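Presented below is the structure to which this report refers.
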Amino acid sequence: MNVLFAVSECAPFVKTGGLADVAGALPKALAAQGIDVRVMLPAYGPLAPILANAEQVGEVYGVDGAKRVYLTRAEGLTLLLVDAPHLFKRPGGPYINEAGVDWVDNHLRFAGFSRAAANVARDGIGGWRPDVLHVHDWQTALAPAYLKLDQRGGPPSIVTIHNMAFQGVFPSTEIDAMALPRWGFHPEGYEYFGQVGFLKAGLVYADRITAVSPTYARELTSAEFGMGLQGVIAARRADLVGVLNGVDLDVWNPETDPHLAAPYGVRNFRAKAQNRTALAGRFGIDIEDHAPLFALVSRLTRQKGVDLLLAVLPRLLARGATLAVLGSGDHDLEAAFRAAATAYPRRVGVRIGYDEPLAHLMQAGADSVLVPSRFEPCGLTQLYALRYGSPPLVARTGGLADTVIDANDAAVRTGAATGFVFAPVAAGLLADAIDRACDAFADRPLWTQIAKRAMKHPVGWEVSAARYAALYSELVGGAEMTGGADGSDD
Ligand code: ADP
Ligand code: GLC
């Protein structure tokens with residue numbers, strides 16, 4: 001089975017969030033199931049050293065001429081890099097410029113990349129041909145549309161929804177520039193309220209749709225979570241399935257993580273305390289033995305409910321608890337967190353920015369990781385928190401609901417509890433959950449029980465990779481798990 005995995009970010013090469021973590025880990029887990037997965041990525045600036053050692057395997061058309069495609073192996077992945085320097089080799093991030101504003105030609109950049117993916121899916125490249133095209137979020141969601149709207153057809157496709165809040169909607173005046181066939185511009189096609197909807201196109205034209213957790217898959221049919229596309233989702237309900245994300249167990253492993261002050265596991269759990277001390281030191285926070293050090297590692301946006309955390313900060317601090325924050329995002333929220341650090345010196349520490357090594361230390365050093373999201377398609381930070389024995393405190397939504405077991409009386413009694421869950425998402429209920437976590441923390445044997453149970457919760461990719469593998473097989477029409485449609489691989 002050959003799979004073309006087209007995606008706009010991939011850890012550790014280029015990352016803005018969980019999508020990159022998934023793209024860096026799932027293909028490895030699929031490879032372990034015998035699938036030949038090639039991860040197709042734009043050759044962004046930071047990939048230049050990798051590109052320099054890659055082999056050119058062909059050329060492909062995007063929307064503005066032929067682009068060279070390079071093949072290489074890096075970080076356990078097989079990469080197909082699309083070299084289009086005028087589109088992708090820029091300072092700033094994959095989607096925004098250095099001033100934090102979306103690139104004005106994002107529609108051309110990602111329509112071009114999507115069309116290139118569709119062409120490679122249809123024609124193959126360098127003698128390799130995929131049986132399935134798997135795309136992710138709005139940035140690559142046009143690829144299934146290019147395939148389906150072209151008379152030549154192509155292999156079956158899957159679109160995975162990582163976040164419905166980002167839909168990729170652009171003016172219809174750009175249709176020709178994006179080389180989109182006009183006959184798809186209607187409500188049952190890629191048209192979306194008079195504009196071009198990238199994610200909508202994927203939801204219409206892909207053969208299957210997946211969402212990154214079972215709960216999010218169900219939530220998407222409601223207006224609140226469907227965000228305008230709930231009708232399209234409802235129409236495709238039979239083709240929609242929720243497949244829970246996992247984590248890369250090699251990258252996120254407290255026993256081997258190079259970014260920790262001290263490694264630890266379930267067996268030498270006590271060593272975790274050294275990371276707590278180190279983290280507090282990094283943030284200049286005075287921690288207390290009887291009260292937890294909470295951590296937040298997050299985009300600072302409304303989705304993440306971090307404004308609720310700001311609102312309940314006085315109650316958290318009244319318990320003697322402390323807070324370390326690493327994040328970036330909306331300027332008003334960044335400013336509010338900075339102000340909180342000033343208002344509560346040595347109790348609240350804030351780093352505005354993006355810092356991968358520090359994110360690892362925070363998972364290890366925190367007593368509990370906070371994820372008070374209003375919606376969360378899957379969420380990876382709570383999975384890292386589970387693995388690092390830092391019982392997550394989360395809102396009961398999306399993937400958070402699917403992965404954390406609340407420390408209510410029954411779950412504590414049976415030893416099943418792995419964290420703290422609150423619902424609905426409101427400041428008062430978040431504060432109550434923080435109180436409960438503080439109470440539990442004061443009972444050291446209880447806390448250790450919850451933390452160790454959290455560490456044993458399975459968060460790897462194995463089960464979900466098998467789900468994707470089964471989906472691929474279903475799509476190519478058979479139980480041919482051990483061989484490509486052309487029978488060419490193992
Ligand atoms: P989302 O993709 O919605 O942002 P996820 O929980 O799926 O949420 O993934 C977030 C990923 O980004 C995690 O790997 C988390 O550690 C990382 N992350 C978020 N903010 C930062 C930051 N400021 N510095 C380093 N890593 C961050
Ligand atoms: C999105 C979602 C997040 C999910 C990630 C990876 O960024 O916001 O919940 O974990 O994609 O699927």
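Just so we're clear, the structure is a prediction, and the values are computed from it rather than from any experiment. Note that ligands are numbered from 1 as they come in the structure, with each ligand's atoms numbered from 1 the same way.
Ionic pairing of D207 and K148 is present here: one or more N-O contacts between side-chain nitrogen and carboxylate oxygen are shorter than 4.0 angstrom. By the 4.0 Å N-to-carboxylate-O rule, R436 lies close enough to D406 to be salt-bridged with it.
For atom 3 (C) of ligand 2, the closest non-hydrogen atom of the protein is E376 OE2, 3.3 Å. Atom 4 (C) of ligand 2 has G379 N, 3.6 Å as its closest protein atom, hydrogens excluded (heavy atom only). Annotation: atom 13 (C) of ligand 1 to nearest protein heavy atom, D21 OD2, 3.6 Å. The closest protein non-hydrogen atom to atom 1 (P) of ligand 1 is K304 NZ, 3.4 Å. With respect to atom 21 (C) of ligand 1, the closest heavy atom belonging to the protein is Y354 CE1, 3.5 Å. In this structure, atom 2 (C) of ligand 2 lies nearest to the protein heavy atom H162 O, 3.1 Å.
A donor-acceptor contact closer than 3.5 angstrom links the side chains of Y95 and S8. A donor atom on one side chain and an acceptor atom on the other are not found under 3.5 Å apart for S157 and H134. With 3.5 Å as the limit, one finds no donor-acceptor pair spanning the side chains of Y472 and N2. One side chain, H360 or D257, offers a donor N or O that lies under 3.5 Å from an acceptor on the other. Residues Y192 and Q167 have side chains that bring a donor and an acceptor to within less than 3.5 angstrom of each other. A donor and an acceptor atom, one from each side chain of T397 and E376, are nowhere located under 3.5 Å apart. Side chains of N163 and Q303: a donor-acceptor N/O pair is present below 3.5 angstrom, by distance only. T418 and R453 share no side-chain donor-acceptor pair at under 3.5 Å. There is no side-chain donor-acceptor pair under 3.5 Å between D402 and Y216.
Close N/O approach between N163 and ligand 1 is not found [any backbone or side-chain N/O within under 3.5 Å]. Between W252 and ligand 1, no pair of N/O atoms sits closer than 3.5 Å. Taking distance alone, with nitrogen or oxygen atoms compared against 3.5 Å, S328 stays at or beyond that limit from ligand 1. At under 3.5 Å, not a single nitrogen or oxygen of T16, backbone or side chain, sits near a nitrogen or oxygen of ligand 1. At under 3.5 Å, not a single nitrogen or oxygen of G18, backbone or side chain, sits near a nitrogen or oxygen of ligand 2. By the 3.5 Å distance cut-off applied to N or O atoms, V212 is not counted among the residues near ligand 2. Considering backbone and side-chain atoms alike, G18 places an N or O below 3.5 Å from some N or O of ligand 1. On a distance-only criterion, Q303 and ligand 2 share at least one N/O pair closer than 3.5 Å. Remark: ligand 1 and G17 share no N or O pair separated by less than 3.5 Å (distance only, no angle test). In terms of N/O distances under 3.5 Å, ligand 1 is approached by G353. Of the N or O atoms in E356, none lie within a sub-3.5 Å distance of an N or O in ligand 1.
Among A11, G327, S298, the residue whose heavy atom lies closest to atom 20 (N) of ligand 1 is S298.
When each of W103, W138, F198 is paired with F110, the ring pair (Phe, Tyr, Trp, His ring centres under 6.0 Å) condition holds for W138 and for no other.
Close contacts of ligand 1 with G379, meaning ligand atoms under 4.0 Å from a residue heavy atom, involve 6 (O), 7 (O).
For A48, the side-chain contact (heavy atoms from CB on, under 4.5 Å) criterion is met by no residue, not counting sequence neighbours.
When heavy-atom distances to ligand 2 are checked against a 4.0 Å cut-off, N245 comes that close only through its side chain, counted from C-beta outward. Counting heavy atoms under 4.0 Å from ligand 1, residue H162 does not touch it at all. When heavy-atom distances to ligand 1 are checked against a 4.0 Å cut-off, P377 has no atom that comes that close, whether in backbone or side chain.
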